[in-house]
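To start, the structure itself, in structure tokens.
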Amino acid sequence: MVYFVGAGPGAADLITLRGKALLEKADMVIYAGSLVNPALLEYTKDGCHIYNSARMTLPEVLDTIEGGNGAGMDIVRLHTGDPCLYGAIQEQMDALKEREIPYEVCPGVSSFCGAAAALKTEYTLPGLTQSVIIARAEGRTAVPDRERLSALAGHGAAMVLFLSMGLTEQVREELLAGAYREDTPCAIVYKATWAEEKIVRGTLGRLPQMARENGIDRTALILVGDFLEGEYALSRLYAPDFSTAFRRGTGR
Ligand code: SAH
């Protein structure tokens with residue numbers, strides 16, 4: 001059996017209990033070495049076969065999995081954060097299906113959640129924003145025209161950008177073309193939840209300088225939006241006069 005497992009954003013104790021149990025019983029682990037914390041490999045048992053996919057091609061990964069599966073091994077394919085975001089797992093799952101190799105997926109804590117925790121912030125604030133846009137700037141990987149940042153920027157929602165640290169000038173221009181302002185709050189979170197975590201706060205207008213001055217060109221998220229500093233309303237759910245299925249409010 002093959003398990004695609006979300007490793008979490010970095011800190012080794014932010015993997016799920018299920019993910020850790022799968023690592024403990026795995027006979028083979030193929031981990032995304034560029035971003036997965038190697039400390040997670042300490043959960044594996046003696047004799048576990050370990051491969052770093054940062055040095056492998058897709059066919060090599062698939063052949064390695066097929067070999068292990070043929071030998072009756074339990075295999076963990078360990079991806080950073082949650083594998084459902086920019087994880088390149090669909091192509092692996094489809095290939096396994098074709099080869100009739102069974103697989104399951106175990107979710108993880110995505111780095112966009114790790115970054116919010118590092119900033120001690122909430123993306124969805126009443127009266128301010130109730131939506132989060134998860135996107136990336138167009139680099140070597142093409143982005144559909146209708147999903148260009150300039151097209152998404154019209155909403156002014158909480159914006160989280162993956163894989164865009166090398167494109168900060170472009171991010172700035174495209175977001176300014178929409179509902180964001182030069183003074184819209186902006187943060188860069190580098191290696192959220194790792195020991196090397198670094199937070200840089202500023203405004204969208206200064207995003208390229210923020211990246212440059214701090215030497216951050218990878219493994220970071222860009223967060224933009226008024227949720228980082230703006231005035232918000234208190235939630236209705238916990239308002240004293242608000243009744244819910246679990247609590248009768250004082251108001252009526
Ligand atoms: N599936 C992963 C994302 C993989 S794409 C997830 O759910 O988080 C890789 C990109 O994710 C990086 O270029 C960076 O933009 C972001 N990233 C991954 N881990 C990060 C972390 N700990 N802190 C900040 N950004 C991170």
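Sequential numbering from 1 along the given sequence is applied to the chain's residues. Counting convention: from 1, in listed order, for ligands and their atoms alike.
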Can you give me every donor-acceptor pair (side chain of residues 134-143, partner residue at least two apart or in another chain, under 3.5 Å) with its distance?
residue : atom : partner : partner atom : Å
Glu138  : OE1  : Arg148  : NH1          : 3.0
Glu138  : OE1  : Arg148  : NH2          : 3.3
Glu138  : OE2  : Val143  : N            : 2.9

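- In this structure, ligand 1 sits under 4.0 Å from heavy atoms belonging to Pro9, Leu35, Thr80, Gly81, Asp82, Leu85, Tyr86, Ser110, Ser111, Phe162, Leu163, Val189, Lys191, Ala192, Trp194, Thr219, Ala220, Leu221.
- Salt-bridge check for Glu196 with Lys191: passed, with a basic side-chain N closer than 4.0 Å to an acidic carboxylate O.
- Figure legend: Lys20 and Tyr43 shown as a cation-pi pair, the cationic atom lying under 6.0 angstrom from the six-membered ring centre and within 45 degrees of its axis.
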Next on the checklist: Run the side-chain contact (heavy atoms from CB on, under 4.5 Å) test on Phe227 and Glu122 for me, step by step, so that the C-alpha distance in whole Å, both residues' side-chain angles and the decisive distance to 0.1 Å come before the verdict.
Outcome noted: CA-CA 7 Å; Phe227 72 96; Glu122 178 173 353; over 6 Å; no
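- From Thr64, atom OG1 reaches atom CG of Asn69 across 12.5 Å, with rounding to the nearest 0.5 Å.
- Using cut-offs of 30° and 60° for the angle between ring planes, the Phe162 and Tyr86 rings count as tilted.
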